[in-house]
Amino acid sequence: MRRIAPCLVLLLAPHIISAGCPFHNLVREDPHDYPKPAEVSQAQAEAMANVNYKDVMEDLKVLMTDSKEFWPADYGNYGPLFVRLAWHNTGSYRSSDGRGGGDGARQRFEPERSWADNTNLDKARALLWPIKEKYGQGLSWGDLIVLSGNAAIESMGGPVFGFCGGRIDAADGSESVKLGPTLEQEILMPCEVNGECEVPLGANTIGLIYVNPEGHMGNADPAESANDIRDVFGRMNMNDIETVALIGGGHAFGKAHGACPDGPGPSPEEDPANSWPGLCGTGKGEDTYTSGFELPFTSRPTYWDNEYFQNLVNYEWQVHTGPGNHKQWEPVVADGMPPTAISADGTSNQTVGLLTSDVALMWDDEAYKSLVIKFAEDMETFDREFELAWYKLTTRDMGPISRCNNEDVPPPQPFQYPLPDPPAGWPDFQDIKTEIGELLDNADEAIGMFTRLAWQCISTYRSTDYLGGCNGARIRFSPQKDWSVNRNVEIALDFLQPIKLNHGTNLSWADLIVLAGNTALEKAGGKHLTFCGGRTDATDGMGSEFLAPKITGNFSETLVQFKDSISITGLTQREFTALIGAGYAVGESSDCDGLYCNRDSFQGTASVSSSLSNIFFKNLLSENWEEYTLPSTGKQMYKAVGKDLLIFGTDLMFRLDPELLAISQDFAADNDLFLTEVAAAWTKLANADRFDGPTGNLCDQGLLGV
């Protein structure tokens with residue numbers, strides 16, 4: 001249950017803050033440490049660059065038919081098991097915040113390790129260990145798991161579009177705690193009814209990868225299940241074609257396991273020494289319990305074909321209760337025998353079956369039905385759509401293609417939002433900086449305009465899936481230009497337009513925006529900012545659909561939401577605090593929205609500041625603050641008692657949260673320290689999207705700048 005801090009008068013000696021309850025999350029409710037980004041040593045980076053993925057694939061293909069006594073392979077082939085392993089490791093990705101996915105291989109840790117949908121996948125990882133041990137630091141678990149799925153598909157005759165290597169293993173599961181089920185997830189993104197969880201959660205059922213295969217809330221209604229499928233697959237940005245291709249491709253192989261109703265036994269979290277032993281007989285082979293359903297999906301479970309779709313089209317299906325006591329479906333055959341597969345141990349035959357979530361595709365959803373019929377009739381189209389969807393599934397969280405480290409990586413795909421090549425010729429950035437300086441000399445308000453424009457451009461970056469950032473300058477296009485926090489940024493672009501025209505195609509808008517922000521901060525008294533050029537410009541705003549800022553200074557935003565937003569950027573709390581201080585000091589002076597606005601300008605008159613200093617922290621800690629509603633707009637803010645000084649509700653968090661307060665006190669006491677931290681944090685965020693492989697950054701190479 002959520003703990004609610006008392007909401008009367010908050011006493012912060014020697015000052016008083018009269019408040020209602022916008023800070024009910026001020027009690028430290030996060031039971032986990034602040035997630036740290038994965039780090040890679042130089043030795044590991046070199047090992048990663050030298051691993052031969054083709055050799056790994058060959059070793060994996062040998063493993064597919066090397067059945068082990070501790071976990072016998074169904075049909076003598078581990079292929080279906082490794083398809084499931086790769087699917088469930090990568091399929092946790094959600095587009096709402098970029099969390100989940102295969103990068104990090106966090107399925108090895110809690111909470112993902114003990115999800116019901118990952119039952120018995122500890123055995124699959126155990127089977128992979130000898131290969132992981134052989135290749136050592138050069139082969140990450142994340143890459144190995146994806147490669148195991150690829151090798152499985154190829155070994156069974158299926159199509160694989162390609163591979164993007166370079167996943168970096170996480171040290172723990174801290175980045176997965178917000179996937180649930182955890183206290184942190186419940187605080188940040190609660191689910192009132194498990195089975196009907198809403199965005200930003202990725203699945204509608206916590207503990208499952210996608211939907212409940214038995215139907216919505218366990219009700220075997222295919223129509224309801226179809227609605228769940230479209231909703232949940234959409235949360236990872238999959239369209240109908242990709243969804244149907246992935247479901248049918250995954251269920252071209254293997255079987256579901258539910259030999260009896262007794263279940264799989266304790267999870268790894270409950271019993272790490274003997275997790276999921278299986279409570280049906282021996283607990284393995286024919287006695288395996290995984291999902292609780294008991295059926296092969298097709299008559300040839302280790303061969304790639306489109307029988308799954310043909311069976312959906314050619315048979316009527318009726319629901320029944322399987323031996324695992326779950327609702328599943330069997331074909332209705334008036335004359336003759338239903339399609340069967342040999343049993344997993346080869347001793348008998350078993351009638352093929354389907355899940356409610358399978359039958360849903362051919363029930364009464366016309367879009368899904370048309371795709372099922374298409375794939376049943378056209379194997380070539382199915383091959384193509386599956387290999388593309390599988391590549392997207394397993395690669396979506398890797399970011400742009402420039403993060404892949406293998407030479408045979410496929411060409412950029414739409415989901416990677418490829419950018420054009422940078423300008424062929426380098427402009428003279430010192431000349432450009434001089435021209436920007438002249439604009440700043442002639443317009444006091446330009447400092448705020450340029451810093452806000454650059455901030456709104458660079459702060460779209462999220463480290464969870466490497467999307468966003470200013471490379472591409474997508475702030476010029478919808479949807480970014482239409483976000484409320486970007487109101488009037490076109491005025492700053494218009495100010496810079498003459499410089500862009502003067503330097504033509506050699507100067508990208510992305511470089512100009514970042515350099516304008518750098519120059520403005522320096523002009524305001526900031527430290528020298530090293531500029532790294534070479535950005536390019538996108539031709540549209542694709543890739544921004546899920547990047548709208550979650551924190552804009554609104555009164556309703558909580559501390560937990562605020563800190564979550566910081567973690568998504570990849571910045572530390574100290575770095576983010578410094579950048580907020582800069583936005584307060586030199587933010588845009590009028591008709592503005594977002595964190596880089598002069599707070600006092602919300603009173604309706606322009607408030608121009610051209611001096612970058614630690615004034616935010618000095619004001620924050622020295623004044624008494626009370627709730628205040630702006631008469632002209634109804635916007636809620638905090639106002640200094642007896643003074644016309646305003647701050648956002650989120651600004652006050654830097655005083656009320658003990659961790660942020662400690663940072664604020666450091667900056668309030670030492671302006672030079674603050675300016676140094678601003679320069680480092682700004683440069684880090686501005687260059688965060690300049691990828692050079694999975695671990696490198698182009699700006700580390702000393703690219704031309706000023």
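Side chains are part of it too, since the values below use all heavy atoms of this structure and drop only hydrogens, waters and symmetry mates.
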May I ask you to decide if [Y]'s main-chain N or O and [X]'s side chain share a donor-acceptor pair within less than 3.5 Å?
X      : Y      : value
Glu154 : Ala151 : no
Thr321 : His326 : no
Thr395 : Lys392 : no
Thr569 : Ile566 : yes
Gln185 : Gly180 : no
Ser544 : Gly541 : yes

Test side-chain contact (heavy atoms from CB on, under 4.5 Å) applied to Leu393 and Trp87, step by step | CA-CA 8 Å; Leu393 171 74; Trp87 183 311; 4.2 Å; yes
If only side-chain N and O atoms count, and only distance matters, is there a donor-acceptor pair under 3.5 Å linking [Y] with [X]?
X      : Y      : result
Thr205 : Asn194 : no
Ser556 : Asn554 : no
Asp117 : His88  : no
Gln328 : Thr356 : no
Thr650 : Glu557 : no
Glu196 : His216 : yes
Ser478 : Asp482 : yes
Tyr93  : Asn237 : no

[atom1] of [X]: more than 12 outside heavy atoms within 6.0 angstrom?
X      : atom1 : answer
Gln318 : CD    : yes
Glu545 : CD    : yes
Glu316 : CD    : no
Lys374 : NZ    : no

Any cation-pi pair here, [X] with [Y], using under 6.0 Å and within 45°?
X      : Y      : answer
Arg403 : Tyr466 : yes
Arg300 : Tyr303 : yes
Lys123 : Trp71  : yes

Working to the nearest 0.5 angstrom, can you tell me the gap between [X] [atom1] and [Y] [atom2]?
X      : Y      : atom1 : atom2 : answer
Trp276 : Asn118 : CH2   : CG    : 6.0 Å
Trp317 : Glu330 : CH2   : CD    : 9.0 Å
Thr288 : His257 : OG1   : NE2   : 5.0 Å
Thr90  : Asp103 : OG1   : CG    : 11.5 Å
Gln561 : Ile187 : CD    : CD1   : 11.5 Å
Thr302 : Tyr75  : OG1   : OH    : 8.5 Å

Between the side chains of [Y] and [X], is the shortest nitrogen-to-carboxylate-oxygen separation below 4.0 Å, so that they form an ion pair?
X      : Y      : answer
Asp97  : Arg94  : yes
Arg167 : Asp143 : yes
Lys563 : Asp657 : yes
Glu175 : Arg106 : no
Glu214 : Lys327 : no
Asp365 : Arg230 : yes

Measure up the Phe382 and Trp304 rings against each other and bin them: parallel (under 30°), tilted (30 to 60°), perpendicular (over 60°).
-> parallel
Going by the angle between their ring planes, with limits at 30° and 60°, are Tyr210 and Phe233 parallel, tilted or perpendicular?
->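 It falls in the parallel class, under 30°.
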Compare all side-chain heavy atoms of [X] with those of [Y] and state whether any distance is below 4.5 angstrom.
X      : Y      : answer
Phe293 : Pro213 : yes
Trp329 : Leu355 : no
Pro190 : Cys197 : no
Asn77  : Pro80  : yes
Val313 : Met362 : yes
Arg113 : Arg108 : no
Met542 : Pro414 : no
Ile206 : Leu201 : yes

Atom of [X], atom of [Y] and distance for their closest heavy-atom approach:
X      : Y      : value
Ser357 : Ser225 : CA-OG, 3.4 Å
Leu595 : Thr552 : CD2-C, 3.8 Å
Ser92  : Ile209 : N-CG2, 4.4 Å
Cys164 : Met398 : SG-CE, 3.9 Å
Ala376 : Asn306 : O-ND2, 3.1 Å
Ile551 : Ser565 : CG1-CB, 3.5 Å

Apply side-chain contact (heavy atoms from CB on, under 4.5 Å) to the pair Asn150 and Phe163, showing each step before the final yes or no.
-> CA-CA 8 Å; Asn150 289 2; Phe163 175 70; 3.9 Å; yes
After noting the C-alpha distance and the side-chain angles of Tyr308 and Leu354, does the key distance pass the side-chain contact (heavy atoms from CB on, under 4.5 Å) rule?
-> CA-CA 9 Å; Tyr308 170 87; Leu354 293 175; 3.7 Å; yes
Among Val146, Asp169, Ile145, whose side chain to side chain contact (heavy atoms under 4.5 Å, CB included) with Ser140 holds?
-> Asp169
Can you sort out the partners of Asn219 under side-chain contact (heavy atoms from CB on, under 4.5 Å), two or more places apart, ordered by chain and number?
-> Asp221, Glu224
With respect to Phe161, which candidate in Tyr391, Trp390, Phe386 satisfies the ring-ring contact (aromatic ring centres under 6.0 Å, His included) definition?
->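 By the ring-ring contact (aromatic ring centres under 6.0 Å, His included) criterion, Phe161 pairs with just one of Tyr391, Trp390, Phe386: Tyr391.
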Derivation and outcome, side-chain hydrogen bond (donor to acceptor under 3.5 Å, both in side chains), residues Glu307 and Ser299 | CA-CA 8 Å; Glu307 181 190 336; Ser299 63; 2.8 Å; yes
Identified salt bridge (charged side-chain N to carboxylate O under 4.0 Å, His left out) counterpart of Asp564 within the set Arg99, Lys550, Arg462 |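 Looking at Arg99, Lys550, Arg462, the match for Asp564 under the salt bridge (charged side-chain N to carboxylate O under 4.0 Å, His left out) is Arg99.
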